[in-house]
Student: 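The structure that follows is given in the form of structure tokens.
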2 protein chains.
Amino acid sequence: MTVSKTAEKSSEKPADAAKGRKDIGEPLAEALQLGELSEQLGYVLKRAQLKVFENFLRCMASLQLTPAQFSVLLLVEKNPGRNQTEIASTLGILRPNFVAMLDNLESRDLCARIRSTNDRRSHILVLTDKGKAVLARAKKLVATKHEARLNDLLGQANREALIGMLSKIANEF
Amino acid sequence: MTVSKTAEKSSEKPADAAKGRKDIGEPLAEALQLGELSEQLGYVLKRAQLKVFENFLRCMASLQLTPAQFSVLLLVEKNPGRNQTEIASTLGILRPNFVAMLDNLESRDLCARIRSTNDRRSHILVLTDKGKAVLARAKKLVATKHEARLNDLLGQANREALIGMLSKIANEF
DNA sequence: TGATAATTGTTATGGACCATATCAAATATC
DNA sequence: GATATTTGATATGGTCCATAACAATTATCA
């Protein structure tokens, strides 16, 4: 496992490999053997996840939405009127960490906290009109630029199989 | 996307759902609709990755090895005699961040830095005898307790297909 | 009813991980 | 041999994750 976010910067190394050796007789060096690593679920899972997030951020650059923010907007749209605890917990976000996230989205007028009349402790979450509009554009970008790429890479059937297996792991592992 | 590491703690919520409503007529509440989220590659990928790492750590509790540490030991074993920069970069670890990691492994006598005679700037990395022994035990734990679980969950063929697709994403996305 | 417990949003805080700039020593380049 | 590059290392800042604690509000129940 491991894999950081700027790993791709060193991807020119194999190409430069020959530059270093002074003679044909020299040991090739470079190009380490991954060995069993390439079969390790965790390793390949993490690398894939980083690549996907990286691509997601590129696709969303114009809207300035992170994967986490996008997931919040999606969930609030689908479940309007829920409070912070409910939205945060189903996303696996701890309540304390959700506060700054909402501060951000609210300051950009994408969603709003409304004091509940039933329970005056809680804040009901809703998307603003701007939030709905931005989310709609975000969905289109994700569909056309992000998810579509998976189809190109794996094919429709494999894409669905992959999502299915990952869901199974997420829920039953 | 999003998903933190303690998300599972709130998994009792659905069970307590009925407790809150005073009457049968009340809205069921609880159980938010994930909606399109469950089809988002990034979301499901991240959730799966967290689950897998979590399980990995449990399996490795007796050896106190993190996924990142395991990957370093694997790579050094497969490529003995490489220096820090080479090992770190192929794992996507930045050199500055690799120092503390090696300090840890070296302090536990799992691997060693050896000043290269060819290039006295660099440190050659090798596994110690203890490092080899620990890695051997780690591999067994991973195979029997960790990777085996994937087979139980998905089946051998699907497991291989999953790894293949994730590798493809990691390399070509 | 009223004392006690639990919940909600929040703040403060610490840890883990990631990324950049910088440095001294050693080496490569020309 | 002067200059540039590479290697391991340090310092530092950012982001994310996790826990404790608090005030306001609500639930519990004797």
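In the text below, chain A, chain B and the rest are named by the order of the sequence lines, each starting its count at 1. Hydrogens, waters and symmetry mates are skipped; everything else that's a heavy atom, side chains included, is used.
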Student: In whole Å, I'd like the distance from the CG atom of A/Leu102 to the C1' atom of C/dT10.
Tutor: 12 Å
Student: CZ of B/Arg82 versus P of D/dT6: gap in Å, rounded?
Tutor: 17 Å
Student: Should the pair A/Glu172-B/Lys51 be classified as a salt bridge under the 4.0 Å nitrogen-to-oxygen rule?
Tutor: no
Student: Excluding sequence neighbours, so at least two apart, what forms salt bridge (Lys or Arg N to Asp or Glu O under 4.0 Å) with A/Arg95?
Tutor: none
Student: Between D/dC17 atom C1' and B/Leu50 atom CG, what is the distance in whole Å?
Tutor: 10 Å
Student: Which nucleotide wins on minimum distance to the side chain of A/Asn83, given the candidates D/dA24, C/dT20, C/dG9?
Tutor: C/dG9
Student: Quick one: A/Asn97 CG to C/dT13 P, roughly how many Å, whole number?
Tutor: 15 Å
Student: Only counting residues at least two apart or in another chain, list the ones meeting side-chain hydrogen bond (donor to acceptor under 3.5 Å, both in side chains) with A/Asn55.
Tutor: A/His146
Student: Among C/dC18, D/dA18, C/dT11, find the nucleotide with the atom closest to the side chain of A/Leu94.
Tutor: D/dA18
Student: For A/Lys78, check side-chain hydrogen bond (donor to acceptor under 3.5 Å, both in side chains) against everything at least two apart and list the hits.
Tutor: none
Student: Within the structure, does a side-chain N or O atom of B/Thr85 lie under 4.0 Å from either OP1 or OP2 of D/dT6?
Tutor: no
Student: Looking at D/dA18, C/dT10, C/dA28, which one has an atom nearest to any side-chain atom of A/His123?
Tutor: C/dT10
Student: Which residues within residues 112-119 of chain B lie with some heavy atom under 4.0 Å of an atom in DNA chain C?
Tutor: B/Asn118, B/Asp119
Student: Does the separation of the ring centres of A/Phe70 and B/Tyr43 fall below 6.0 angstrom?
Tutor: no
Student: CZ of A/Phe98 versus P of D/dC16: gap in Å, rounded?
Tutor: 14 Å
Student: Which whole-number value in Å describes the distance from B/Ile93 CD1 to C/dA19 P?
Tutor: 11 Å
Student: Does any pair with a residue in residues 135-144 of chain B pass salt bridge (Lys or Arg N to Asp or Glu O under 4.0 Å), and if so which ones, sequence neighbours excluded?
Tutor: A/Glu36-B/Lys139, B/Glu77-B/Lys139
Student: Taking the side chain of B/Arg121 as heavy atoms from C-beta outward, which of D/dA11, C/dT10, C/dA26 is closest to it?
Tutor: C/dA26
Student: Kindly indicate whether the side chain of A/Arg120 and the base of D/dT25 share any N or O donor-acceptor pair separated by less than 3.5 Å?
Tutor: no
Student: According to the salt bridge (Lys or Arg N to Asp or Glu O under 4.0 Å) rule, which pairs have a member within residues 57-67 of chain A, sequence neighbours left out?
Tutor: A/Glu54-A/Arg58
Student: For B/Gln84 and C/dA26, what is the distance between atoms CD and P respectively, to the nearest whole Å?
Tutor: 16 Å
Student: Can you check the B/Glu86 CD to D/dT6 P distance for me, whole Å?
Tutor: 13 Å
